[in-house]
Amino acid sequence: MSDNVTTPLATGTKFKTKETASNGHMRADVLFDTTEHEILGTTADAKATATDTTSVSMMSVFKQISFSIQAVVTALAGTLGVSIASGATSIAKAEDAASANADVGVPAMAIQKSSPADTAGTDGDYAMLQMSGGRLWTSAIVPAGATSIAKAEDVASADADVGVPAMAIQKATPADTAGSDGDYAMLQMSSGRLWVDASGKTLTVGAHATYAMQETSAISNAGTSLTPKFAKISASSSGASTVVAAVASKKIRVIEWNVLPHDAVNIKWQSHTAGDITGLLELAAKGNGIARPFNPVGYFETTAGEALDLNLSSAVAVGGSLVYVEV
């Protein structure tokens with residue numbers, strides 16, 4: 001500092017000085033009052049106004065700081081309540097408030113676990129959520145009940161019970177959907193009906209009244225719906241007479257037929273080119289005919305692409321009818 005500087009200190013204030021260089025310059029390290037107490041000016045203890053420039057002692061400053069700290073500690077003794085205001089830039093959010101881009105929040109943390117396991121020592125302890133493959137481990141146990149999708153065995157059903165609908169694949173023709181025996185596969189349906197295979201199975205009907213209706217507009221052949229067709233029989237010439245004309249690539253399968261002769265005659269059914277498809281049938285006298293009822297398997301059929309003929313042993317008028325399908 002420069003020489004001969006005037007300081008604004010009270011009368012009686014002393015410097016503890018130290019020579020700093022050979023040129024005789026002195027440095028003031030500590031200030032003392034007349035009683036040798038270290039001070040910052042005079043020993044006034046408090047400011048009177050906001051613009052008061054009265055000096056205070058160092059001890060009074062330290063005491064005031066200590067008092068202020070103790071006052072804060074006393075005021076905060078016990079539980080400290082903290083309130084976090086909600087908002088887009090706060091980690092707190094108000095219930096039912098809409099989300100928005102760049103909202104602030106605290107991420108939910110979880111432990112990476114390939115297999116879930118207890119991380120707490122005792123029931124009731126806090127534990128961490130656990131995840132694997134980006135998915136949260138959860139329990140798949142569903143309790144049974146009227147409002148649950150699970151139902152206990154042998155429990156009576158009731159209106160408004162909750163459940164999961166059974167789903168099936170729409171398939172015009174049933175086919176395997178699984179790759180190998182033992183794989184899981186879906187049920188298959190067509191026209192609102194479930195595809196089933198009753199071949200080789202015995203279906204038991206209960207003792208109560210049961211009614212079955214025969215479908216008359218269609219018949220099934222290996223899952224393919226066929227339409228029954230009708231033809232009249234009117235032959236009188238010896239030899240073969242065509243009853244049903246040939247259909248390209250189709251067999252004529254007869255599922256019901258009857259004949260009535262005007263006189264005694266022998267007959268047999270033939271595929272137009274391939275020949276006989278029945279043995280010789282003897283009609284012994286006039287009115288002595290044959291009637292074969294409906295048979296879904298069929299009585300006989302032609303070779304594919306050939307007409308159905310009736311062969312008479314003599315020129316006797318023979319009439320009748322038949323039902324057939326093209327297969």
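Side-chain atoms are counted along with the backbone in the values below, which use heavy atoms only and exclude waters and symmetry mates. The first residue in the sequence is number 1, and the count goes up from there.
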> Please report the closest heavy-atom contact between A246 and G305, naming both atoms and the distance.
CB-O, 3.4 Å
> Give the C-alpha distance, both sets of side-chain angles, the deciding distance and a yes or no for side-chain contact (heavy atoms from CB on, under 4.5 Å) between L308 and Y324.
CA-CA 10 Å; L308 174 65; Y324 68 97; over 6 Å; no
> If I take atom CD from residue Q130 and atom CG from residue D118, how far apart are they, to the nearest 0.5 angstrom?
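These two atoms lie 8.0 Å from each other.
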> Any heavy-atom pair between the side chains of H272 and T242 that's under 4.5 Å?
yes
> Check whether I91 and M109 end up in the same hydrophobic cluster, where Ile, Leu, Val, Met, Phe, Trp and Tyr are linked by side-chain heavy atoms less than 4.5 Å apart.
no
> Rounded to the nearest 0.5 Å, what's the gap from CD on E256 to CG on N295? Could you check?
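Result: 10.5 Å between the selected atoms.
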> Verify side-chain contact (heavy atoms from CB on, under 4.5 Å) between I290 and W257, making sure each step is shown before the conclusion.
CA-CA 8 Å; I290 300 174; W257 64 280; 3.8 Å; yes
> So which heavy atom on P261 is nearest to which on A285, and how close?
CG-O, 3.6 Å
> Are L260 and V323 connected in a single hydrophobic cluster, I mean Ile/Leu/Val/Met/Phe/Trp/Tyr linked by side-chain heavy atoms less than 4.5 Å apart?
no
> So does K286 have more than 12 non-hydrogen atoms from other groups sitting under 6.0 Å from NZ?
no
> May I ask you to decide if R193's main-chain N or O and S191's side chain share a donor-acceptor pair within less than 3.5 Å?
no
> Is I277 reachable from I267 through a run of hydrophobic residues whose side-chain heavy atoms are each under 4.5 Å from the next?
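Per the 4.5 Å side-chain linkage, I267 and I277 are co-clustered.
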> Between atom CD of E306 and atom CG of D309, what is the distance when rounded to the nearest 0.5 Å?
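Atom-to-atom, E306:CD and D309:CG are 9.0 Å apart.
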> How close do A218 and S225 get, heavy atom to heavy atom, and via which atoms?
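Nearest heavy atoms, A218 then S225: CB-OG, 3.4 Å.
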> Looking only at heavy atoms, which two atoms of A92 and A85 are closest? And how far apart?
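Shortest heavy-atom contact: CB-O, 3.8 Å.
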> Report yes if some heavy atom in the side chain of R292 is under 4.5 Å from a heavy atom in the side chain of V254; otherwise report no.
no
> Can L226 be reached from F230 by stepping across I, L, V, M, F, W or Y side chains whose heavy atoms are under 4.5 Å apart?
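F230 clusters together with L226.
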> Is it possible for you to say whether I233 and Y299 belong to one hydrophobic cluster, with membership spreading through side-chain heavy-atom contacts below 4.5 Å?
yes
> Consider side chain to side chain contact (heavy atoms under 4.5 Å, CB included). Of N221, I219, I255, V325, which one does P296 pass it with?
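The option that passes is I219.
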> About how many Å separate CG of D125 and OG1 of T119, when rounded to the nearest 0.5 Å?
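CG of D125 is found 9.0 Å from OG1 of T119.
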> CE/M189 to CD1/I169 distance, rounded to the nearest 0.5 angstrom?
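Answer rounded to 0.5 Å: 12.0 Å.
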> Which heavy atom of P107 sits nearest a heavy atom of G105, and at what distance?
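Result for this residue pair: CD-O, 3.9 Å.
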> For S132 and S114, which heavy atoms make the closest approach, and how far apart are they?
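Closest pair (atom of S132, atom of S114, distance): OG-CA, 4.0 Å.
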> Taking K151 for its side chain and A156 for its backbone only, find out whether a donor-acceptor pair lies under 3.5 Å.
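Side chain of K151 to backbone of A156, a donor-acceptor pair under 3.5 Å: no, none is there.
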> Can you check whether S321 reaches N258 side chain to side chain, under 4.5 Å on heavy atoms?
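Yes, side chains in contact.
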> Where do S237 and L312 land on the side-chain contact (heavy atoms from CB on, under 4.5 Å) test, with the steps shown first?
CA-CA 7 Å; S237 300; L312 305 181; over 6 Å; no
> Could you give the distance from OG1 (T278) to NZ (K268), rounded to the nearest 0.5 Å?
8.0 Å
> Let me see the working for W269 and L322 under side-chain contact (heavy atoms from CB on, under 4.5 Å), right down to the final yes or no.
CA-CA 12 Å; W269 292 98; L322 59 80; 3.8 Å; yes
